[in-house]
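The next block holds one structure in the form of structure tokens; read it before the comments.
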Amino acid sequence: MKAIDLKEVYLKFFESKGHKRIPSSSLIPENDPTVLFTTAGMHPLVPFLMGEKHPLGTRLTSVQKCLRTGDIDEVGDEVHHTFFEMLGNWSLGDYFKKESIEFSFEFLTKVLKIDISRLAVTCFEGDEDAQKDMEAFNAWKSLGISEDRIAFLPKKDNWWGPAGDSGPCGPDTEIFYWASSLDVPKVYDPKDKRWVEIWNNVFMQYNKSKDGVFTLLQQKNVDTGLGVERVSALLQGFSDNYLTERFKPIIDLVCDLSNKKYEDYKKEMRIVADHIRSSVFVLGDPRGISPSNVDQGYILRRFIRRVIRVLYLLDVKDSVLSLLASKVIDIYGVEYPELNERKEFILNEIKLEEEKFSKTLVVGTREFERIAENMIKFNQKVFTKAFLLFSTYGFPLEMTKEMAMEKGLEVDVDKFNKEMEKHQELSRVGAEKKFKGGLSDSSEITTKYHSATHILGEALRRVLDKNIVQKGSNITPERLRFDFNFNRKLTDEEKKAIEDEVNRVISLGLEVDKKEMKLDEALNSGAQAEFGNRYPEVVSVYSMGDYSKEICMGPHVDNVSKLGHFRILKEESSASGIRRIKAILE
Ligand code: SER
């Protein structure tokens, strides 16, 4: 079954079980200081898993765009990707283990018609935090899965989350499919890689605090995730995801451009196909960003530069990235109209980055080879010039590491980091740390910054120009950052007037009110909506007295008087026609 069909069949099935479809959220989470990208379908649902009421009810289903760099070193094999699409269904305090397992089983065996003899499952074996999951075990057994095909495994295998160091999590049950053409063994062996994981049902009942303590959540949730690429490939009889319609046209193009065969260069061609797809989705997101040396922009830069280098290794030295990117847009444009809407931006940014890097790749590689050969001659193993390659030739650390590894050398990462920190206020290390960090931080201070952001947006409209809209927002526990359309620098008087306006509103002590309504009703009522965002049919609208009204997921303070004093730290240009304000509450 092709990916596009699998997605529809899945959503329809869960709709028939009372679930409401929610649109994919942005790949780039907003107002979340702890992660750079959306890494799972549950990510946009964190406040609702924690107990907040979702406007569409307690049963939800979606196809979420996800991006993970944790597996980047595995990309090149048959099944790993950085960008991928995740199917998911959620119970927010509604059904629990038994029904969730029954839904999954019915979907796999009745809808996808997978033979039960090809399935095996794992359940949590229990420890001091949660007991052995007999409930899941019994549910599987009663559906006809034999005990030989059920394994109990420890936390490292059968516990999901939190995605970072804190947040919702719980034991899970994972479903495996026998992907080999050889006979299915009677007994399931968790170490046998021919059993491929296809679905993860997480029973999210716990919250893990930053200091590692597990407490019960207000409600028992279910969070499941099923990888579109993998399941669709298996249903088409491929063990290699890159042979499906999602990747084949890209691989074919790389074969044509390089005059080489896929069989001979599978790893390289898969990296190209994977990374160009991720780059297009990051650039093409409604909140898409450009390559840079920090945060998401740095990850994007790494993807694009790695593609250029790998193509170079395949002897493709011409400028071909826009051709490859266009192919990705052709494949996904119907399902993700934002890619077509932002096509010019995507192709332009890719071309600029290609022009910038192609120039230095050749000289930088020569420099690397020279240093590496000298080291090998003198039997040295630790490569210390990664920062030089970064600062002079724009080689991302990871690329130098990869090149060093190919020569049997190891990069001195500490030295690189020290030199980098000296060089930059916002170092790459910070970005990586942040990327590995936790889920949506709903702490008191970030909640306050979130509410202050709404007031600031309205204050800008009232003080500067009524056509101002939010073009981007980012919140950390230290400050808020707000991007908006305006085409010149603000004067000191204007900045002061904006500060005064925000502080005036704070002193009014307005109540913050949340209402759920149909999307068109919300838009007709004049609620602000973020440009380019796709919303579900029913949305939450947050109002602060009569002052501001915005479609938003929350959370917010209950009264604006809690915000304290607002002060602008900096006003600067963010992109052409876009200004950026950084401000604090004190
Ligand atoms: N959150 C779980 C996962 O990512 C299930 O969706 O695997």
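Counting starts at 1 for both ligands and their atoms, following the listed order.
Remark: side-chain polar atoms of D127 are paired, donor with acceptor, to backbone N or O of D129 under 3.5 angstrom. At least one donor-acceptor pair under 3.5 Å links the side chain of S232 to the backbone N or O of M1.
Taking SG of C169 as the reference point, atom CG of L217 lies at 7.5 Å (rounded to 0.5 Å).
Annotation: ligand 1 has protein neighbours A40, M42, R68, M86, W160, N200, V202, D223, T224, G225, each with a heavy atom less than 4.0 angstrom from the ligand.
For Q205, the side-chain contact (heavy atoms from CB on, under 4.5 Å) test picks out F96, L216, K220, with sequence neighbours left out.
A perpendicular orientation is assigned to the rings of W159 and F214, their planes being inclined by more than 60° (bins at 30° and 60°). Ring pair H81/F247 is parallel by interplanar angle, where below 30° counts as parallel and above 60° as perpendicular.
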